[in-house]
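Report on one structure; see the data block that follows.
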Amino acid sequence: MADDGENSVDNKLTDDNKPEKMFTLKKWNAVAMWSWDVECDICAICRVQVMDSCLRCQAENKRDVLGRQDCVVVWGECNHSFHHCCMSLWVKQNNRCPLCQQEWSIQRMGK
């Protein structure tokens with residue numbers, strides 16, 4: 001049977017019998033990601049991501065006071081989310097969620 005010393009990785013020991021560091025981390029950049037707190041991040045009506053402006057707002061080039069495209073997201077009691085512009089047109093024809101068919105009522109609105 002082989003000696004443990006033959007199979008082990010050679011670690012260089014410093015004067016105080018501590019293993020020498022293989023590398024030193026000099027800089028670390030953290031990256032954070034975020035997303036909407038929704039079950040689905042695509043508007044089921046216009047098929048555009050809810051964090052982007054809907055097709056109607058893009059076509060009409062709607063802007064807020066800071067010059068950004070202005071398109072508000074609306075969440076229903078069922079926790080499905082849509083662009084407010086899309087849902088306001090949808091509700092005129094059918095007062096139900098396009099995804100689950102529950103009676104539509106707004107839980108919250110936001111950007």
Side-chain angles (χ1 to χ4, degrees):
M1 199 156 143
D3 243 356
D4 285 339
E6 290 178 11
N7 293 331
S8 65
V9 177
D10 288 336
N11 284 334
K12 294 181 181 179
L13 298 177
T14 59
D15 291 338
D16 54 355
N17 286 337
K18 291 183 181 175
E20 187 178 320
K21 292 181 185 178
M22 294 179 69
F23 65 91
T24 302
L25 185 64
K26 293 185 178 190
K27 187 177 182 182
W28 181 51
N29 294 326
V31 177
M33 298 289 293
W34 71 275
S35 65
W36 293 99
D37 181 25
V38 294
E39 287 183 13
C40 181
D41 63 347
I42 294 179
C43 176
I45 299 169
C46 71
R47 299 287 185 200
V48 174
Q49 289 190 350
V50 291
M51 55 188 110
D52 295 335
S53 294
C54 69
L55 295 175
R56 188 173 181 201
C57 289
Q58 289 177 20
E60 294 175 4
N61 203 19
K62 288 186 179 179
R63 303 272 177 190
D64 65 7
V65 291
L66 298 175
R68 299 175 300 204
Q69 287 211 320
D70 187 27
C71 195
V72 179
V73 180
V74 62
W75 285 264
E77 291 293 330
C78 56
N79 205 32
H80 289 130
S81 61
F82 308 95
H83 296 111
H84 184 261
C85 302
C86 299
M87 198 60 194
S88 62
L89 290 173
W90 179 272
V91 168
K92 288 178 184 176
Q93 297 175 355
N94 185 358
N95 195 30
R96 298 196 170 273
C97 173
L99 295 175
C100 66
Q101 296 301 309
Q102 285 185 12
E103 187 79 21
W104 180 257
S105 65
I106 295 175
Q107 178 187 27
R108 68 180 192 258
M109 292 177 69
K111 280 212 172 240

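Residue numbers count from 1 along this sequence.
One hydrophobic cluster, built from ILVMFWY side chains closer than 4.5 Å, holds both M87 and I106. Clustering ILVMFWY residues whenever any of their side-chain heavy atoms sit less than 4.5 angstrom apart, transitively, puts F82 in the very cluster that holds M109. Hydrophobic clustering, with ILVMFWY side chains joined whenever heavy atoms are under 4.5 angstrom apart, keeps V48 apart from W90. Under the 4.5 Å side-chain heavy-atom criterion for grouping Ile, Leu, Val, Met, Phe, Trp and Tyr, I45 is not connected to L55 through any hydrophobic cluster.
Proximity of a side-chain donor or acceptor of Q102 to a complementary backbone N or O of C97 within less than 3.5 Å is not detected. A donor-acceptor contact shorter than 3.5 Å is absent between the side chain of H83 and the backbone of V74.
L25 approaches W28 most closely through the heavy-atom pair CD2-CB, 4.3 Å. Heavy atoms only, all atoms of each residue included: Q107 and E77 are closest at CA-OE2, 3.6 Å. Across all non-hydrogen atoms, the minimal contact from C43 to V50 is N-CG1, 3.9 Å. For the residue pair C85 and R56, the shortest heavy atom distance occurs at O-NH1, 4.3 Å.
Atom CG of N95 is separated from atom CD of E103 by 4.5 Å, given to the nearest 0.5 angstrom. To the nearest 0.5 Å, atoms CZ (R96) and SG (C78) are separated by 11.5 Å. Taking OG of S81 as the start and CE of M51 as the end, the distance is 9.5 Å to the nearest 0.5 Å.
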